[in-house]
Amino acid sequence: MISRNIFTRLCALALVLPLGQCIPATPPVQKRAALDTWIANENSIALSGVLANIGSTGAKSYGASSGLVLASPSKVNPNYFYTWTRDSALVFKALVDQFITTQESYLQLEINDYISAQAKLQTVSNPSGSLSNGAGLAEPKYMPDGTAFTGDWGRPQRDGPALRATALIAYGRWLLSNGYGSAAANIVWPIVKNDLEYVAQYWNQTGFDLWEEVNGSSFFTTAVQHRALVEGSAFAASVGKSCPNCDSQAPQTLCFLQRYWSGSYIISNINVNTGRSGKDANSILGSIHTFDPNAGCDDSTFQPCSPRMLANHRVVTDSFRLVYGVNNGISQGSAVAVGRYPEDVYFNGNPWYLCTLSAAEQLYSALYQINKVGSISITSTSLAFWQAIYPSAATGTFSSSSSTFTSLTSALRTYADGYVAIVQKYTPSSGGLAEQFDKSSGGPLSAVDLTWSYASFLTMTAARNNVLPASWGAGSANQVPGVCAASSATGSYSPATNTNWPNFPCTTASTVFVTFNVLATTSLGQNIYVVGSVAALGSWDTTKAVKLDAGRYTDSVPLWYGTVNLAAGTVLQYKYIRKEADGRVVWESDPNRSYSVPTSCRRSAAIGDSWR
Ligand SMILES: *[C@@H]1O[C@H](CO)[C@@H](O)[C@H](O)[C@H]1NC(C)=O
Ligand SMILES: *[C@@H]1O[C@H](CO)[C@@H](O)[C@H](O)[C@H]1NC(C)=O
Ligand SMILES: *[C@@H]1O[C@H](CO)[C@@H](O)[C@H](O)[C@H]1NC(C)=O
């Protein structure tokens, strides 16, 4: 902690070489150890943070149906108490990859619930349309109970179906290689098929970008659409089906993807006049979510280590150096706080945790690819990026046996760690990740506990530790057609009805996180507690009762909630009590409530009560 602060302060005091390098006040090795420790701790906070926001048993998910992900538990200023197709898919792609690595059965149950919920969501008619011609699949968000959101919104958003297909395919591959081919074919494929048909039909129409502001063509959207079509075709074949529309459209999406390249960076929104520079973390997110560990530093698929993406990383991150006070005095070549785009005015325009983490993640993924390729090719396109972090860099190809390669990769790693250190610096001691941090004070801003912020921490950590996602076939889908053509393939859509998951072997949880949710109208100074027959609930001693949280209390939903870890199978009695400002205790009316902590492979459970 202390060494990090000293480091930051010295850099902020502009201890800068003529070439623009900031001298670290502590040796890199020592710095890395402190960062390692923080990351390991924060990563488990991030995993809990994600799980808390998933219905129906997550600690902060009261009101959300099974398998639906809340964007944030925040209900006011801003109200993110909805489930977005994009955010949910990105979150579950991260959880599927965690599951594949850890084989934790409680994660698998969450994944199955998510997929079952998506099968149903696809059939919900909404203001974007319905399933009959696919149009309804691009509805950006739904109510937390899975019904349509009917208010005005930036719709359609055409990245959602592509990202959901990618998340489901990742799990489908696991099913296939672990003896559950029929679940892959009969449960996962019908949902994926609808999403792929959607992408193939509508990729060449404008829609709202991932920030829900611009109705045009978005790099992120096109990049993830290309990926989905490519891996969708391979997944179809692996379950004995085919996706001719994927095959006919994928090359054209790749062709169109090239259009975003300006020659020196990616213009993230085209086919629309935004009046902006086009410099946008949209592009960095597009690259990390189409990273393929088996691909090389390929420009046409914008791989993280490609000359184009490295050049773009520099241009995009540089665009935030002058617009945020927290970046004052940080010299080029040292990491900065990164927001969505420099012209952003949402909440006055601030850095976002997930954008800063994605800047780190791109570089870790690039480092992996470079090591795998075994050399670094610095071209005129990427030269400025390399010179920023290693001033004597020059164009050429440097093999892994050269000292230049060692110096460049070491500079790259240090630079990437710098972005994580920025996030560390502006993360409160609770470890909670909001959506943004204030551009001047660095304090958390906007929605608390943003699920996507936590998911981006998980994927950053995985990339940093070389825990790799599966290949999606980029290496054999990078040939750009000679001529780009406007095109579309009309799809056929049908409801996915099978959600009968096999009985996967699983580990029974010995303890369960039980969340007590109670609706209790209170006035200032009053607090609600839960007290009960077990020690964790104070053994009926009101002085040892568990205080509940009113952080999400509203007039219409006067929620008090709290989570207690209890042994599976425990049978208990409990009651809610109210403590008045003067300490007086008011009990609920009789009888005592009773509850049996479930014995299952699930690690969380939730109770919904109303004060009596
Ligand atoms: C459709 O594709 C053509 C050919 O790539 C491209 O010129 C055009 O901008 C695309 N339009 C949209 C909205 O995607
Ligand atoms: C955004 O553009 C699409 C055309 O691709 C159009 O159908 C839709 O109505 C537009 N949405 C809004 C809110 O203007
Ligand atoms: C509730 O439980 C307490 C503690 O065991 C007991 O003293 C009390 O009589 C119970 N109340 C009712 C209504 O059963």
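This chain uses plain numbering: 1 for the first residue, then up along the sequence. Owing to the predicted nature of the structure, the values given are computational and were not obtained by experimental measurement. Each ligand, and each atom within it, is numbered from 1 in the order the structure gives.
Heavy atoms of R158 approach ligand 2 to within less than 4.0 angstrom. Look at C255 and you'll find every heavy atom at least 4.0 Å from all atoms of ligand 1.
The pair D292-R227 fails the salt-bridge criterion, with no side-chain N (NZ, NE, NH1 or NH2) lying under 4.0 Å from an Asp/Glu carboxylate O. A salt bridge links R593 with D609; the closest basic N to acidic carboxylate O contact falls under 4.0 Å. With respect to the salt-bridge test (charged N to carboxylate O, under 4.0 angstrom), the residues R578 and E580 qualify. Under the 4.0 Å criterion applied to side-chain N and carboxylate O atoms, R340 and E213 are assigned as salt-bridge partners.
Checking L445, D344, N348 one by one against Q436, the side-chain contact (heavy atoms from CB on, under 4.5 Å) holds for a single residue, L445. Among L519, L559, T522, the one residue that satisfies the side-chain contact (heavy atoms from CB on, under 4.5 Å) test with Y553 is T522. With S218 as the partner, the side-chain hydrogen bond (donor to acceptor under 3.5 Å, both in side chains) test is satisfied by one option alone out of N282, N269, D159, T206: N282.
The structure places CZ of F302 at 8.5 Å from CG of N312, a figure rounded to the nearest 0.5 Å.
Checked by distance only, ligand 2 and N215 come closer than 3.5 Å through their nitrogen or oxygen atoms. On a distance-only criterion, N592 and ligand 3 share at least one N/O pair closer than 3.5 Å. For R155, a nitrogen or oxygen atom sits less than 3.5 Å from a nitrogen or oxygen atom of ligand 2, counting backbone and side chain alike. Backbone and side-chain nitrogen or oxygen atoms of S487 are examined, and none is located within less than 3.5 angstrom of a nitrogen or oxygen of ligand 1.
Remark: ligand 3 atoms within the under-4.0 Å shell around heavy atoms of D590 are 13 (C). Atom numbering of ligand 1 starts at 1 in the shown order; those under 4.0 Å from a heavy atom of S217 are 12 (C), 13 (C), 14 (O). Proximity to F208 (heavy-atom distance under 4.0 Å) selects the following atoms of ligand 2: 11 (N), 12 (C), 13 (C). Heavy-atom proximity to R259, at under 4.0 Å, picks out these atoms of ligand 1: 6 (C), 7 (O), 9 (O). Numbered from 1 in the order shown, with element, the atoms of ligand 1 that lie under 4.0 Å from a heavy atom of T206 read 13 (C).
Aromatic pair Y142/F149: centroids not less than 6.0 angstrom apart.
Taking a distance limit of 4.0 Å, we find that atom 9 (O) of ligand 3 is approached by no protein heavy atom.
For atom 7 (O) of ligand 2, the nearest non-hydrogen atom of the protein is P156 CD, 4.6 Å. Looking only at protein heavy atoms, the nearest one to atom 5 (O) of ligand 3 is W540 NE1, 3.5 Å. For atom 2 (O) of ligand 1, the closest non-hydrogen atom on the protein side is N204 ND2, 2.5 Å.
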Derivation of the side-chain contact (heavy atoms from CB on, under 4.5 Å) call for Q122 and R164
CA-CA 11 Å; Q122 285 190 332; R164 181 166 55 199; 3.6 Å; yes

